Amino acid sequence: ANDVDNVFRYTTSSLSSSTAIAASTYISVATSPGAALQEYTISDITSVARAKKQSTGLFTIATADTAVVSSSPDQAITFNVGDSLNAVAAKFNAVKATTGIAASVIKIGDNSFQLSFSATATGEDADFDFNNLDVPGTLDDAADGVFDEITITTQQAASNAEFDFNGTAVVRQTNAISDIVTGVTFTILQTTPVGPPSTELTISVEPDTDIAQSGIINFINAYNDLKVFAARQTEIGSDGVFTEEAVLNGSAALRTSLNAITSHLSSIVMGITGSDLNRLADIGILSADLPESEENPLVRNILNIDEDQLAQALSSNFDGVRKLFEFDFVSNNPNLRIF
């Protein structure tokens, strides 16, 4: 089965730090079904991935819809006479998928506005610099008068995420990193303090026992529902004949299927040796009768779950519980596989 269809393949993670500061201050981790159950370390986070940000000087205008363009140069982004700051920002944003630069208008105060530019992606690969267009330190378009000696200031430099993973230096353009370990996404949140001592963050990928327990409970509930359904199909009324609901009272298919399922669930699992778990009773799942009520007839040998015992078994011997439900197959011939 696919990992997402198997409750025993779901994983979760825990974090710990070598210092008194919680590991979650510096990183977060998300795992996918099928991720390897291992431990990893991240240390020496010296840089967090950031997007480049630059902004203009202040425009002293009544509103952001006031005209600021006095001529129309023939450029990739074409401004028209009378364009406002909002219009200029909108034209930048119309091509941001190509340029990688987004624009926004910021109101600093009454009659005071600023045009801000930001890379649409983090990392040095997405760097830009309007200061390199004409005169260093300005975005100067004197010939056309679009921007007349507007000072451009860098508010935030572009940077990559830089850290050590299992002792090896790693550099990435983004903070959400999913290409180091299959099924695990590490997100860098903050740099660690400069040592010594070095801050070492430990990530433990573990089975998700909560999802496994829910899956087992749902499975047992489905079996019990089947038992109740089958009991209704053989229910005899007070008049000594089958009730109206007992339409499958003579069905050999229902009887054979239910007997086969019941036999499997009540049997010792073959192939499990020694003192390992080998029956449902070992994890707190025992048979009992469901008393007759207004909703259902007497049902023999449904399954009751001691959820505390089940939780304890999953916590202390997860693989043992898995083997009770999941088929294991090992071959020394690569041409022989199970689908």
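Side chains are part of it too, since the values below use all heavy atoms of this structure and drop only hydrogens, waters and symmetry mates. Values in this document were obtained by computation on a predicted structure and should not be read as measured data.
Atom-to-atom distance recorded for Phe130:CZ and Ser55:OG is 11.5 Å, nearest 0.5 angstrom. Here CG of Leu85 is found 9.0 Å from OG1 of Thr63. Values are rounded to the nearest 0.5 Å. With rounding to the nearest 0.5 angstrom, the CD1 atom of Ile211 is 12.5 Å from the CD1 atom of Ile216. The CZ atom of Phe318 sits 8.0 Å away from the CG atom of Asp208 when rounded to the nearest 0.5 Å. Atoms CZ and CG, on Arg322 and Leu277 in that order, are 12.0 Å from each other to the nearest 0.5 Å. Interatomic distance, Asn111 CG to Leu58 CG, rounded to the nearest 0.5 Å: 11.5 Å.
Residue Val321 is grouped with residue Tyr10 when hydrophobic side chains (ILVMFWY) are merged at heavy-atom distances under 4.5 angstrom, including chains of intermediate members. Under the 4.5 Å side-chain contact rule for hydrophobic residues, Leu201 and Val170 share a cluster. Hydrophobic clustering of Ile, Leu, Val, Met, Phe, Trp and Tyr side chains at less than 4.5 Å, counting indirect connections, unites Val4 with Val7. Linking ILVMFWY residues whenever their side-chain heavy atoms come closer than 4.5 Å, directly or via other members, leaves Val299 and Phe219 in distinct clusters. Cluster annotation: Ile302 and Ile305 are assigned to distinct hydrophobic clusters (Ile/Leu/Val/Met/Phe/Trp/Tyr, side-chain heavy-atom contacts under 4.5 Å, transitive).
Nearest heavy-atom pair, Asn175 versus Ala161, reported as atom, atom and distance to 0.1 Å: OD1-CB, 3.7 Å. Heavy atoms only, all atoms of each residue included: Leu115 and Ala89 are closest at CD1-CB, 4.0 Å. For the residue pair Ala51 and Thr122, the shortest heavy atom distance occurs at N-CG2, 3.9 Å. Of all the heavy atoms in Gln54 and Phe128, the pair that sits closest is OE1-CE1, 3.5 Å. Ser17 and Ala23 get closest at one heavy-atom pair: CB-N, 3.8 Å. Shown here for Phe113 and Ala62, the closest heavy-atom pair between the two residues is CE1-O, 3.7 Å.
Remark: the Asn296 side chain and the Ser293 side chain contain an N/O donor-acceptor pair separated by less than 3.5 Å. Of the N and O atoms on the side chains of Lys53 and Ser118, at least one donor lies less than 3.5 Å from an acceptor on the other residue. A side-chain donor from one of Asp44 and Ser198 sits under 3.5 Å from a side-chain acceptor of the other. Side-chain atoms of Gln114 and Thr56 include no donor-acceptor pair closer than 3.5 Å. One side chain, Thr11 or Thr31, offers a donor N or O that lies under 3.5 Å from an acceptor on the other. Between the side chains of Glu200 and Ser43, no donor N or O sits under 3.5 Å from an acceptor N or O.
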Stepwise side chain to side chain contact (heavy atoms under 4.5 Å, CB included) test for Thr243 and Ile236: CA-CA 6 Å; Thr243 65; Ile236 296 177; over 6 Å; no
Chi angles and distances behind the side chain to side chain contact (heavy atoms under 4.5 Å, CB included) call for Leu290, Val228: CA-CA 9 Å; Leu290 180 65; Val228 172; 4.0 Å; yes
Verdict with reasoning, Tyr40 to Val181, per side chain to side chain contact (heavy atoms under 4.5 Å, CB included): CA-CA 10 Å; Tyr40 310 97; Val181 176; 3.3 Å; yes
Test log, rule side chain to side chain contact (heavy atoms under 4.5 Å, CB included), inputs Ser14 and Glu206: CA-CA 8 Å; Ser14 61; Glu206 304 157 342; 3.1 Å; yes
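Side chain of Asn218 to main chain of Gly215: no donor-acceptor pair is present (N/O by atom type, distance under 3.5 Å, no hydrogens or angles). Side chain of Ser214 to backbone of Asp210: a donor-acceptor contact under 3.5 angstrom is found. Remark: the backbone N or O of Ile21 is not paired with any side-chain donor or acceptor of Thr25 at under 3.5 angstrom. At distances below 3.5 Å, not a single donor-acceptor pair connects side-chain atoms of Gln213 with backbone N or O atoms of Leu314. Checked by atom type and distance alone, the side chain of Thr191 never pairs as donor or acceptor with a backbone atom of Ser47 at under 3.5 Å. A donor-acceptor distance shorter than 3.5 angstrom exists from the side chain of Asn166 to the backbone of Thr41, with no hydrogens or angles considered. A donor-acceptor pair under 3.5 Å is formed between the side chain of Ser251 and the backbone N or O of Leu254. Judged purely by atom type and a 3.5 angstrom limit, Asn80 has no side-chain atom pairing as donor or acceptor with the backbone of Asp83. Judged purely by atom type and a 3.5 angstrom limit, Asp306 uses its side chain to pair as donor or acceptor with the backbone of Asp308. In this structure, the side chain of Asp289 does not engage the main chain of Pro291 through any donor-acceptor pair within 3.5 Å.
With a 4.5 Å cut-off on side-chain heavy atoms, Thr192 and Ile42 do not count as touching. The closest side-chain heavy-atom distance from Ile217 to Ile220 is not below 4.5 Å. With a 4.5 Å cut-off on side-chain heavy atoms, Tyr26 and Leu189 do not count as touching. For the pair Phe163 and Ile177, the minimum side-chain heavy-atom distance is below 4.5 Å. You'll find the side chain of Leu303 reaches within 4.5 Å of the side chain of Leu265, heavy atoms only. Counting only heavy atoms from C-beta outward, the side chains of Ile101 and Thr120 never approach each other to under 4.5 Å. In this structure the side chain of Val205 never reaches within 4.5 angstrom of the side chain of Gln38, judged on heavy atoms. In this structure the side chain of Gln156 never reaches within 4.5 angstrom of the side chain of Lys52, judged on heavy atoms.
For CD of Gln155, the number of neighbouring non-hydrogen atoms (other residues, nucleotides, ligands) closer than 6.0 Å is greater than 12. The environment of Asn332 atom CG is sparse: at most 12 non-hydrogen atoms of other residues, nucleotides or ligands sit within 6.0 angstrom. No more than 12 heavy atoms of other residues, nucleotides or ligands lie within 6.0 Å of CG in Asp110, so this atom counts as exposed by the packing criterion.
Legend: side chain to side chain donor-acceptor pair (under 3.5 Å) pairs involving residues 219-233, not counting sequence neighbours, sorted by first then second residue: Tyr223-Thr262.
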Listed pairs under 3.5 Å, donor-acceptor, residues 279-288 side chains, sequence neighbours left out:
from: Asp282; atom 1: OD2; to: Asn278; atom 2: N; distance (Å): 3.0
from: Asp282; atom 1: OD2; to: Arg279; atom 2: N; distance (Å): 3.4

